[in-house]
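Here is the naming used below: chain letters follow the sequence lines, and residue numbers restart at 1 for every chain. Values in this document were obtained by computation on a predicted structure and should not be read as measured data.
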Amino acid sequence: MRHVRDLSRRQFLVRAGGTAAAVPTLSAILDACSKPGASVSGSEAVQIARPDNPVTLPMTGEPIATDTPIEQGATIQILNWSVYMWKYVINQFVQQYADNGIKFSGISTFNNMDEGVQKLQSGKIQADVFFPTIDVLGKLVAADLLQPLNHDLIPALQQDNWAVFQNPYYDQGWRYSVPYTIYTTGIGYRRDQISDEQIHGMDNPWSILWDPANKGMVGVYPSDRDAMAIVLMKNGITDLNTSNDADLEKVRTDLLAMIDAVNPRIAYDASYNKLQNDKFWVTTAWSGDVVAGWGYAAPYTEAAYKGYGYWFPADRKGPIDNDLIAIPKNAAHPRLAHEFINFWISFRHAMDNFSWNGYQPPQTQADVNALTHTQGLYNKQSSSWAAPADYVAPWMPDAVVRESDFGIGYREGPLPPDVDDRWHQIWSEFTAGVGS
Amino acid sequence: MSVPSGAEPVRRGPRRSHRATDEGIHYSRWFWPSFTIPASIWLAILFILPLYTVISIAFGTVDPIFRGPLPVYEPWWWSGEQFGRVLGDSVSFYRIVYIHTFEYVVIASALCLVLAYAVAYYVARYGGKRKTILLALLIAPFFISYLMRMLAWINLLDTEGYINKILTFLHLVPHPIDWLSGRPSTVIMGLVYGYIPYMILPLYAFLDRIDINLLEAGRDLGAGPARTFFRVTLPLSRPGILAALVIVSLPMFGDYYTNNLLSGSPKTTMLGNLIDDALGSTGQGNKAAAFVLILMVLVLIPMLYYMRSTARSLLTR
Amino acid sequence: MSESVLTAPKTSALPRGGFVRRRLRNPWRRPTILATITWGYLAWSLIPLVIAIAVSFNASRSSSTVHLFSLQWWWTDPSDSLLHDPELHSAVIQSLRLSLTTMAIVVPLGVAFALGIDRWHGRLATGANFVMLLSFVMPEIILGVSVFFVFSFLLKFVPLGSTAQILGLVTFQVSYPVIIVRARLLSIGKEYEEAAMDLGATPRQSIRAVLLPLLYPAIFASAAIVFADTIDDFVTVRYLSGPVSSEPLSVKIYNFARGQPSPAINAAATFMLASTIVVAFVAYLLYRAFTKGQRTGGLGDLATRL
């Protein structure tokens, strides 16, 4: 059963990029660049990537040669969010490379992106693969912490993954990264309180988070970027990285108004646990959290399973994002790391992981229209769950991410420091409970 | 030199060779100081130095790429920019957090005191043969994790939990009450629950030491029980009360988990939450350090008071 | 109740007036109100504890309702029970490891400091004593955050995890034995030691043979307190934890409490409760054995040292 075990993965999904992550262990605050003369030359070195301003990251070295032999008897070192990968799939990898004597002894974990970067930087952990977010990618390259990928060793990207990730805006020519999971940020809701028709019929469904009818039952992620993106969406502002004073003032007013209107509570398990267990009726939600939420829907009856849904704009104009996999510069087994990435983003294994993880991989062979009525491997293996659990529940087609969405949806990107400060400031006012 | 001579008459028992021991005939000059060296070094490195680091971060700068704090260890290079901003925000929108924190702590400490005093008084004065079992029960909460007990409360207070079941069964309330939806009263209850054991035991120890003869003397002089209590017991236990108040209220000022678990609403944010949140988010390390510094200044007076009274009681007992 | 009957004649002659008045004026009456408060308090404080334990034997996954009786969460569940969940194992082991190690470091460190500071006077001593007391009253969050910062910036060679946690915990706990032992030293006075030295003992001998045995009650009491306080410590330990394996049970409980609670975590806490009680009982027996003839009154004596 997964209910307890994969909890921590979700806690840690609170992404970096200015999130107020209420995570179990504290982030190690970065000590990068405290030494003058480090390889980083300053903030100008990091270009801020936007879909309309694609960035080609500078080459900091050469990829490993294609004929590099696979390291023998290596223990693969994975540095990832705590419990973000199904161990079953990792074991499949170890079995496939049994001839090379590959071993696996556990994942080194971090609890938020700062800590991950810091572990990488300090050299305390020599990881073979690392799972960064888009907003730190440029910084990691600038700090010379990643190595360029050898595309010949990762054929799965071209074979199995969406074309949009063959040349992503944040890493043109995917020099350093491959995509891991894709997700949208929308609204999770209790279907017994708010019917599918009701929320889909609303003029502005985003505003349901302010509806006094749900007072005391509204959950918000402890993630300033995502919460504030939703406020922007509610106001019809589509620049999720806005530095416009009027926009930010609207965000501020609306966030503070939310406190008075519904007395929201901040929880990172808002949409995968509290929603499923009727503690919240409406939540800010990442699609992957809601998709995986059935594992938390105590008491595991059909009614509990069908009790919650996910809304995202039908025209797909909403916040969309993806996570990454990369290879650190100091990886001890770079060739094995390439094999691992290729394995992990190949169709079968990516889908197996999806069935456990709830976060969709951008797989071309996966018929996105079929995701709502086919079951993944995990669900078939799970003996404790009687109800059929599809990849995505049939009444949640909004949670399925399509390739075309990436041309339509809006991206949260890294913010320049001064803008970042202003965003933080507004979020601080919200968390301080400044009401009327 | 040693104990002030004024303290000498208080000492009991024969003090034949006082001069010999204290002036180093038996002990070499560094004999006793050497005992304190390991702990002193420990505290210098792991207590004083960390506090200095906090100051260096609060008055330090920010790294340009990852936005992490860069401590500045040389006081002459300190910059008040980061700290000034936090102070400014504290005056404007964080003010409400300070007010909440103060309200919750004061109310919770007062409730703790009333309850703890009653319980401690009862056990000390009327415990009788049951004293041992009562004490064991009072100590019992220390043996199971504080967080586990909070978890139990979350379940008790749930809309489908036992508290609501009982209340609705008895028709005391028409609908279950959403205790956990961000109510200050729930947070205060949690604080009282969490910290009161730390108050009962010292109060008990203090009350238990009050000489029963004094009470009887008061009664013999014609004072009623109420008068005896207010004129004798209460004044005698005043130092104990103040010390116990300090003991529970200081950690309450830094508490964030009770609030996180029982509320989670921005409406009940406390100073501890500000520290914990800042520490857990990107590029907010300076802010966390600044809040820690502010908290330290706020609790300085009660801390010094407590230390002075402890030092006194050690001298005069 | 029989006691009140016994004591009644003693005072019946004194007060005049109605029953209520008589009750109020009777200083030896059974204090009904106080008794009610006390037992009410005990119920309030212990019922959650009892429920927390009962839930660990739940036959369902629910943490809010008790459905006795099952050992599912102890060992029969093949993946999520205490016995079969490696994360819970490591959490329990980590909790015990942290508290035992901390206790082993703190007690000698603190006792030595108490002995030294009790007999050493002067400005330096006052300063050291001030810092020690300051570490006692400092709110834990201040200590936790500052130690975390020092390991992140200044003493970077200390990795987050068990080492950092123990270093932080010792700092937070070291004042307990100091305060308890000093109180005891004051009540002992210096006579025994002086007598020993008059009889020809060296300072070291007199400490080992005379003073330390006299301090055993205080040393045991402080060890017990440090153990109990550390096993439950959360703030310092959470800030200083590194890999998941370094998260003790308290941190796990916090994470579970904010996510999906499982009765298995209750089982782990109950197991911890049981082991703490065993440790406390053994300590109590040792305490009795070591302190024969010095005790004033068992548990009460121990409690007053808190």
Side-chain angles (χ1 to χ4, degrees), chain B residues 2 13 17 21 26-27 31-33 35-36 38-40 43 46-47 49-51 53-54 57 71 115 118-119 122 126 131-132 135 137 141-149 151-153 155 158 160-161 201 205 208 219 224-225 250-251 253-254 261 272 275 292 296 299 303 306-307 314 317, chain C residues 25 27 31 34-35 37-38 41-42 45-46 48-49 51-52 63-64 109 112-113 115-117 119-121 128 131 133 135 137 139-142 145-147 149-150 153-154 167 171 174 182 186 189-191 194 197 203 228 232 234 250 253-254 257 261 269 273 276-277 299-300 303-304 306:
Chain B
S2 60
S17 51
T21 43
H26 290 305
Y27 300 119
F31 184 79
W32 289 118
F35 276 66
T36 64
S40 302
L43 287 182
L46 288 159
F47 181 58
L49 192 65
L51 291 180
T53 313
V54 168
I57 292 170
L115 202 50
V119 173
Y122 176 79
Y126 304 100
K131 217 173 210 171
T132 307
L135 278 172
L137 291 174
F142 284 106
F143 283 120
I144 195 155
S145 161
Y146 171 76
L147 291 157
M148 198 67 238
R149 289 181 290 135
L151 186 58
W153 269 113
N155 297 324
D158 194 276
E160 285 132 37
L201 291 173
D208 199 44
R219 198 168 55 88
L250 285 180
F253 273 108
L261 294 176
I275 296 175
V292 165
M296 206 147 53
V299 297
M303 280 199 303
Y306 181 84
M307 289 165 65
L314 280 177
R317 247 204 289 175
Chain C
R25 295 213 46 103
L34 282 181
I37 294 177
T38 304
Y41 163 77
L42 285 173
S45 91
L46 297 178
L49 207 149
I51 288 184
S63 293
S64 52
L109 212 59
F113 185 89
L115 280 173
I117 210 74
R119 282 103 203 276
W120 173 39
H121 305 277
V131 172
L133 275 175
S135 78
V137 288
E140 192 181 1
I141 193 169
I142 297 183
V145 172
S146 48
V147 173
F149 275 139
V150 91
F153 292 103
L154 219 51
L167 292 176
T171 313
V174 70
R182 281 200 76 185
L186 278 168
K190 291 178 188 163
E191 299 79 29
E194 284 165 11
M197 297 215 294
D232 193 18
F234 164 69
S250 56
I253 295 173
Y254 185 65
L273 169 72
T276 319
I277 289 176
L299 196 57
T304 52
L306 292 166

Worksheet item: Pick from C:Ile277, C:Val145, C:Val137, C:Leu46: which one has the most heavy-atom pairs with chain B under 4.5 Å?
Response: C:Val137

Worksheet item: Most heavy-atom pairs under 4.5 angstrom with chain C, which of B:Leu46, B:Leu51, B:Leu49?
Response: B:Leu46

Worksheet item: Given a strict heavy-atom distance threshold of 4.5 Å, which part of C:Leu42 is in contact with chain B: side chain, backbone, both, or neither?
Response: side chain

Worksheet item: What distance do B:Arg149 atom CZ and C:Ser45 atom OG have between them, rounded to the nearest 0.5 Å?
Response: 7.5 Å

Worksheet item: So which heavy atom on C:Phe113 is nearest to which on C:Ala128, and how close?
Response: CZ-O, 3.7 Å

Discussion item. At a heavy-atom distance under 4.5 Å, which candidate from B:Pro141, B:Ala39, B:Ala152 has the highest pair count against chain C?
Written reply: B:Ala39

Worksheet item: Within a strict 4.5 Å, meaning less than it, do heavy atoms of the B:Leu151 and B:Leu147 side chains meet?
Response: no

Worksheet item: Under 4.5 Å between any side-chain heavy atoms of C:Phe149 and B:Pro50, yes or no?
Response: no

Discussion item. Is B:Leu43 in contact with chain C via its backbone, its side chain, both, or neither, using a 4.5 Å heavy-atom distance?
Written reply: side chain

Worksheet, complete the sentence: When the 4.5 angstrom heavy-atom criterion is applied to B:Val292 and chain C, the contacting part is both

Worksheet item: Given a strict heavy-atom distance threshold of 4.5 Å, which part of C:Ala35 is in contact with chain B: side chain, backbone, both, or neither?
Response: both

Practice prompt. Please confirm whether the backbone N or O of C:Leu167 pairs with a side-chain atom of C:Thr171, one donor and one acceptor, at under 3.5 Å?
Written response: yes

Response to the item:
When rounded to the nearest 0.5 Å, the distance separating CE of B:Met148 from CG of C:Leu273 is 10.5 Å

Discussion item. Please classify the contact between C:Val174 and chain B as side chain, backbone, both or neither, with a heavy-atom cut-off of under 4.5 Å.
Written reply: side chain

Worksheet entry | Which atoms of B:Thr53 approach chain C - backbone, side chain, both or neither, heavy atom under 4.5 Å | side chain

Discussion item. Within the 4.5 Å heavy-atom criterion, are C:Tyr254 and C:Phe234 side-chain neighbours or not?
Written reply: yes

Fill in: Structural part of B:Phe253 lying under 4.5 Å from a heavy atom of chain C
neither

